[in-house]
Visitor: 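Here it is: the structure, laid out below.
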Amino acid sequence: MTITEIAEITNPADLEAAFAIRRDVFCAEQRVDPEEEFDGLDNDCRQYLAFYGRGAVGTARIRDAGDGTVKIERVAVLASARGKGIGRALMERTIVDARAMAPATIAIHAQCHAEGFYRSLGFRTIGGVFDEADIPHVRMVLD
Ligand code: COA
């Protein structure tokens, strides 16, 4: 059986592996401008890698956005590794760590196509659709 392991990143090599996944998923696949993807906030975040088998296949970050809000951001699983529960495992871990930061609100700006994915994890949609990086998003919060 191949087990998914989620690890908080503690070294530069793992951070580079996470950035490589984001370049692949967001910049190459979804055509997000690299300057927008790498927004200068990564050093302010807790960063995570998902390992499947021996390889790093997914990433996410947690950011204290101020005003009592912690955001889970940059959730990405390589296309070849999707549909195996890796995104869910990443979210379950980051939700636990976000809750431990005791914020008033845990929020995510969800790409509209992934709204059902986040809803299945307990998030609900607040307000309407807006564009970020030219991709339709909705704001969702965890109850
Ligand atoms: N819309 C609705 N449901 C989805 C979904 C989507 N886009 N992607 C997965 N799901 C569902 C799965 O069917 C599964 O349901 P189940 O638990 O009932 O079987 C559940 O969500 C978990 O799926 P999982 O296999 O853990 O998801 P994944 O590893 O494929 O990762 C994403 C999901 C969204 C992270 C992945 O598709 C991805 O990286 N997409 C490209 C980047 C992106 O859009 N990221 C989101 C930015 S807001």
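All residue numbers refer to positions in the sequence shown, counting from 1.
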Visitor: When you group the ILVMFWY residues by side-chain heavy-atom contacts below 4.5 Å and let the links chain together, are Val138 and Val32 in the same group?
Guide: no
Visitor: Between OG1 of Thr59 and CZ of Arg22, what distance do you get to the nearest 0.5 Å?
Guide: 6.5 Å
Visitor: Answer whether the closest heavy-atom distance between the side chains of Ile106 and Val141 falls below 4.5 Å.
Guide: no
Visitor: Going by the side-chain hydrogen bond (donor to acceptor under 3.5 Å, both in side chains) test, which pairs reach into residues 128-139, not counting sequence neighbours?
Guide: His109-Glu132
Visitor: Kindly compute the distance separating CG (Leu49) from CD (Glu5), expressed to the nearest 0.5 Å.
Guide: 9.5 Å
Visitor: Kindly indicate, with the supporting measurements, whether the criterion side chain to side chain contact (heavy atoms under 4.5 Å, CB included) is fulfilled by Ile62 and Lys71.
Guide: CA-CA 6 Å; Ile62 298 178; Lys71 286 184 71 192; over 6 Å; no
Visitor: Is it true that, when you exclude Asp67 itself, more than 12 heavy atoms of the residues, nucleotides or ligands shown sit nearer than 6.0 Å to its CG?
Guide: no
Visitor: Working note: Arg63 + Val70, criterion side chain to side chain contact (heavy atoms under 4.5 Å, CB included); need CA distance, chi angles, decisive distance, verdict.
Guide: CA-CA 6 Å; Arg63 185 168 65 86; Val70 166; over 6 Å; no
Visitor: Tell me, with the steps shown, if Asp143 and Arg124 meet salt bridge (charged side-chain N to carboxylate O under 4.0 Å, His left out).
Guide: CA-CA 7 Å; Asp143 286 320; Arg124 72 186 153 85; 2.6 Å; yes
Visitor: Answer yes or no: is there a side-chain heavy-atom contact under 4.5 Å between Ile95 and Arg99?
Guide: yes
Visitor: Apply side chain to side chain contact (heavy atoms under 4.5 Å, CB included) to the pair Thr125 and Tyr118, showing each step before the final yes or no.
Guide: CA-CA 9 Å; Thr125 303; Tyr118 294 115; over 6 Å; no
Visitor: Distance-only, no hydrogens or angles: does the Arg74 side chain make a donor-acceptor pair with backbone N or O of Glu37 under 3.5 Å?
Guide: yes
Visitor: Taking it one step at a time, do Val57 and Ile21 satisfy side chain to side chain contact (heavy atoms under 4.5 Å, CB included)?
Guide: CA-CA 7 Å; Val57 296; Ile21 292 167; 5.5 Å; no
Visitor: Taking atom CD of Glu73 and atom CD of Gln47, what is their separation to the nearest 0.5 Å?
Guide: 9.5 Å
Visitor: Is any side-chain heavy atom of Phe51 closer than 4.5 Å to a side-chain heavy atom of Ile6?
Guide: no
Visitor: Would you call Arg61-Asp39 a salt bridge at under 4.0 Å N-O?
Guide: yes
Visitor: Indicate if Met140 and Ile135 have the same hydrophobic cluster label, given that clusters are the connected sets of ILVMFWY residues with side-chain heavy-atom separations under 4.5 angstrom.
Guide: no
Visitor: Under 3.5 Å, side chain of Thr69 to main-chain N/O of Ala65, donor-acceptor pair present?
Guide: no
Visitor: Kindly indicate whether the side chain of Asp97, heavy atoms from C-beta on, has any atom under 4.5 Å from the side chain of Glu8.
Guide: yes
Visitor: So do the side chains of Met101 and Arg46 get within less than 4.5 Å of each other, counting heavy atoms only?
Guide: yes
Visitor: For the side chain of Arg93 and the backbone of Ala7, is there at least one donor-acceptor N/O pair under 3.5 Å apart?
Guide: no
Visitor: Are the side chains of Pro136 and Val129 in contact, using a 4.5 Å heavy-atom criterion?
Guide: yes
Visitor: Report the distance from atom CZ of Phe26 to atom CZ of Phe38, rounding to the nearest 0.5 Å.
Guide: 9.5 Å
Visitor: Can you see which heavy atom on Pro34 is nearest to which on Cys27, and at what distance?
Guide: CA-SG, 3.9 Å
Visitor: Please round to the nearest 0.5 Å and tell me the distance separating atom OG of Ser120 and atom CE of Met91.
Guide: 9.0 Å
Visitor: As an exercise, state the distance from CG of Leu142 to CD1 of Ile72, rounded to the nearest 0.5 Å.
Guide: 7.0 Å
Visitor: Report yes or no: do Val77 and Tyr48 belong to one cluster of Ile/Leu/Val/Met/Phe/Trp/Tyr joined by side chain heavy-atom distances under 4.5 Å?
Guide: yes
Visitor: Which heavy-atom pair separates Gly68 from Pro103 by the least distance, and what is that distance?
Guide: O-CB, 3.3 Å
Visitor: Hey, any chance Ile86 and Phe123 share a hydrophobic cluster, counting ILVMFWY side chains that come within less than 4.5 Å of each other, even indirectly?
Guide: no
